[in-house]
Number of protein chains: 2
Amino acid sequence: MRNRAEKTIVDIAEALSLSVSTVSRALNDHPNISVQTKDKVRKMARKLGYRPNTLAAGLRSNKSKTVGLIVPRISMFYPAAITTIVQNRLQEYGYHLIICQSNDSYEQEVALVNTLYSARVEALAVSTTLYTTDFSHFDLFKKNNIPVVFFDRVPGNYEGKIVCGDDEDGGYQGAKHLLEKGCKDIVYISGPLTCSLYTRRLEGFKKALQEYKQSYKKSRVFFQELTKENALQTCKKVFSKKQWPDAIFATNDTTAITVLEYCRNHGINVPGQVKIVGYSNDPRTEIVTPSITSIDQDPTTTAERVVAALLELIQQKSATATKQTREIIPIHLIERASSK
Amino acid sequence: MRNRAEKTIVDIAEALSLSVSTVSRALNDHPNISVQTKDKVRKMARKLGYRPNTLAAGLRSNKSKTVGLIVPRISMFYPAAITTIVQNRLQEYGYHLIICQSNDSYEQEVALVNTLYSARVEALAVSTTLYTTDFSHFDLFKKNNIPVVFFDRVPGNYEGKIVCGDDEDGGYQGAKHLLEKGCKDIVYISGPLTCSLYTRRLEGFKKALQEYKQSYKKSRVFFQELTKENALQTCKKVFSKKQWPDAIFATNDTTAITVLEYCRNHGINVPGQVKIVGYSNDPRTEIVTPSITSIDQDPTTTAERVVAALLELIQQKSATATKQTREIIPIHLIERASSK
């Protein structure tokens with residue numbers, strides 16, 4: 001493959017009178033290195049014909065130095081944010097990230113687990129589909145002592161390392177916030193309960209209602225895939241009735257944003273007539289008018305805990321923690337104009 | 001790996017009295033199958049303990065049935081949209097997609113090309129970093145007769161199959177739109193010219209100025225990584241001067257949205273005092289107030305052409321088209337409130 005004297009980062013460092021570690025971090029787009037230095041290093045790298053040699057490095061050590069990650073959809077803010085932070089952190093340890101999206105199809109997820117196994121990843125991070133209740137496809141990794149770390153959408157009952165937000169507290173805080181504002185009739189829009197985080201958020205929601213001596217009304221709770229289309233259907237249903245709710249608590253931000261758009265298009269005042277709370281603190285909640293109150297799930301801490309778990313398990317050559325160890329990342333509510 | 005009589009989709013089809021193709025499409029989340037049928041099929045699949053057998057299928061035919069894709073960032077709307085459509089289309093042909101993001105780091109891109117090669121992908125689709133001007137890392141694929149298709153951010157001078165938007169027309173249409181509205185002093189915010197699509201957009205911009213007998217003013221053109229932070233810096237610079245521009249044409253929507261936010265926060269009326277045009281038709285341009293005029297790049301057609309090229313080259317077992325064949329996908333401007 002290589003037919004000339006290969007240049008290394010040492011050559012780049014010498015040519016620019018920089019330290020080798022500065023050159024390495026510049027080439028890896030490290031945040032502590034200035035744009036000017038990165039530019040200078042990139043130009044010199046190109047001038048010298050420098051090529052990093054990951055494949056050869058992997059072959060020498062008989063390691064792929066690759067981690068796999070499966071998320072439902074890369075277009076969703078929260079899993080995309082975690083993915084990017086996981087990638088950047090892993091990179092500092094010399095690991096590359098291969099990303100797959102299941103599109104919330106159980107069969108796809110099963111197939112992708114096999115695909116990533118055959119791509120020889122050294123570990124796997126997964127946020128499952130809405131419909132994954134059987135986790136036996138991950139046994140392939142378990143049997144071969146390849147670590148698996150679950151995050152965000154995690155199994156309720158599978159042995160393994162789990163990092164997730166405090167979903168019960170999220171459901172509780174969102175509801176409590178609205179109840180403290182005096183709301184008496186909250187519509188709650190949930191994802192399907194096959195996905196355990198929606199069960200936990202619902203428990204939190206119920207707990208807050210109980211504390212504020214309000215009854216849980218089944219007719220005010222909707223279970224659906226949290227898409228724009230479903231959110232519009234639910235709005236139509238809710239606002240075609242005589243009795244409008246005084247608040248809508250949506251368990252994702254796409255739904256919250258769609259509810260806001262529906263209200264604006266139908267002359268329903270937010271927050272005057274209806275208050276809105278979303279979930280995940282998608283940056284879009286800040287740019288709409290009025291801006292939307294949402295639950296921040298701290299993707300940075302979540303991603304860092306996922307990476308710490310991956311590296312620890314890779315080092316131990318252990319497929320998963322011997323029993324389920326669940327790390328719960330605190331959430332916090334960010335109040336904005338939609339619930340003032 | 002398998003120690004019991006495996007169930008196949010034929011068993012699921014029989015149990016539900018459905019056709020095998022309906023079951024297959026339901027499990028693959030095909031849009032033509034109803035949610036009810038998908039639910040029924042998924043439940044039966046779980047009940048029967050059905051597991052798709054991609055890995056084994058791959059081993060039998062000695063094919064990985066996997067395609068690799070590298071994009072700068074999955075958090076950007078346009079590459080993410082293309083990625084998802086490419087994945088869904090490839091899936092119909094039994095291919096799985098492995099996604100990597102380069103984070104606009106040239107070294108990362110080089111490393112990921114090697115990573116995907118060692119993951120034994122059968123073909124590669126790439127949108128390059130802003131700084132990729134040397135394409136020799138793709139020679140590894142070329143030499144091994146593994147197809148490479150470039151899209152969106154594509155080489156200016158590398159032999160191979162290319163699918164990209166009509167960037168020159170995009171720059172032209174955006175400028176023409178503002179000139180027709182009577183704008184006399186347009187600020188143009190471009191990405192770095194190391195990335196050839198920004199060169200083409202700038203050419204279109206210049207062409208429109210010429211047609212409308214306006215001179216090209218270097219002081220009104222900014223070259224930068226199109227991030228929120230850089231957009232804010234540029235706004236500060238532009239609006240701290242006595243002479244405000246009457247329009248800003250940003251060559252991505254993150255920049256256009258940030259310009260709008262800056263104007264709102266500083267009491268600058270959009271479109272009254274300053275008109276704004278963005279690029280890519282990111283859905284966020286529709287949800288902000290005022291909504292932002294943008295250039296739609298038709299991610300669906302682009303993705304479909306990328307998939308067609310991948311499948312054709314895989315079948316031909318040819319690394320790339322023998323010479324550069326560039327498919328140009330038409331763009332169109334979508335007028336919204338920010339430039340009325």
Side-chain angles (χ1 to χ4, degrees), chain A residues 1 27-29 35 42 45-46 49-56 58-59 64-66 68 73-75 77 80-81 83-84 87-88 91 96-101 103-108 110-112 114-121 131 133-134 136-137 140 143 225 257 261 284 287-289, chain B residues 1 27-29 35 39 42 45-46 49 51-56 58-59 64-66 68 73-75 77 80-81 83-84 87-88 91 96-101 103-108 110-112 114-121 131 133-134 136-137 140 143 225 257 261 284 287-289:
Chain A
M1 254 175 66
L27 289 169
N28 278 295
D29 210 24
V35 173
R42 281 180 193 131
R46 245 166 281 152
Y50 165 72
R51 301 192 309 173
N53 194 356
T54 323
L55 182 61
L59 289 177
S64 71
K65 280 289 187 182
T66 302
R73 293 175 206 276
I74 56 167
S75 59
F77 159 70
T83 299
T84 297
Q87 172 168 333
N88 292 344
Q91 205 172 295
H96 298 291
L97 190 69
I98 285 181
I99 305 156
C100 291
Q101 56 179 347
N103 280 335
D104 270 324
S105 150
Y106 171 74
E107 178 175 70
Q108 270 300 299
V110 174
L112 291 171
N114 286 332
T115 298
L116 288 173
Y117 178 77
S118 104
R120 289 178 296 176
V121 297
Y131 306 103
T133 51
D134 174 352
S136 57
H137 45 302
L140 175 62
K143 276 185 215 156
E225 272 200 41
I257 290 163
E261 282 182 315
R284 291 178 298 162
I287 63 171
V288 291
T289 314
Chain B
M1 253 173 68
L27 289 169
N28 279 295
D29 209 24
V35 173
D39 249 30
R42 280 181 194 130
R46 246 166 278 152
R51 302 191 308 174
N53 194 357
T54 323
L55 181 62
L59 290 177
S64 69
K65 279 290 186 183
T66 302
R73 295 175 204 276
I74 57 167
S75 59
F77 159 71
T83 299
T84 297
Q87 172 168 333
N88 292 345
Q91 204 171 296
H96 298 292
L97 190 69
I98 285 181
I99 305 155
C100 291
Q101 56 179 349
N103 281 334
D104 269 325
S105 150
Y106 171 73
E107 178 174 72
Q108 271 299 299
V110 174
L112 291 171
N114 285 331
T115 298
L116 288 173
Y117 177 78
S118 104
R120 288 177 297 177
V121 297
Y131 306 104
T133 51
D134 173 352
S136 58
H137 45 303
L140 175 62
K143 277 185 214 158
E225 272 199 42
I257 290 163
E261 280 182 316
R284 291 178 298 163
I287 63 171
V288 290
T289 314

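We name chains A, B, ... by the order of the sequence lines, and we start the count at 1 in each one. All values below were derived from every heavy atom in this structure, side-chain atoms included, with hydrogens, water molecules and symmetry-related copies excluded.
Taking the side chain to side chain contact (heavy atoms under 4.5 Å, CB included) definition, one finds that A/S105 meets it with A/E107, A/Q108, B/D29, sequence neighbours left out. Under the rule for a side chain to side chain contact (heavy atoms under 4.5 Å, CB included), the partners of A/A119 that lie at least two apart in sequence or sit in another chain are B/I98, B/A119.
In this structure, B/R42 forms a cation-pi arrangement with A/Y131, its terminal cationic atom sitting closer than 6.0 Å to the ring centre and no more than 45° off the ring axis.
Only the side chain of A/Q87 comes within contact range of chain B, with at least one heavy atom under 4.5 Å from a heavy atom of that chain. Looking at A/T66, only its side chain comes within 4.5 Å of chain B, counting heavy atoms on both sides. Only the backbone of A/L97 comes within contact range of chain B, judged by heavy atoms closer than 4.5 Å. Proximity to chain B (any heavy atom under 4.5 Å) is restricted, for A/D104, to the backbone atoms N, CA, C and O.
Minimum interatomic distance between A/R120 and A/S64 (heavy atoms only, all atoms of both residues): O-OG, 2.6 Å. Contact detail for B/I74 and B/Q101: the closest heavy-atom pair is N-OE1, 2.9 Å.
For the set A/T289, A/V35, A/I99, the entry with the most heavy-atom pairs within less than 4.5 Å of chain B is A/I99.
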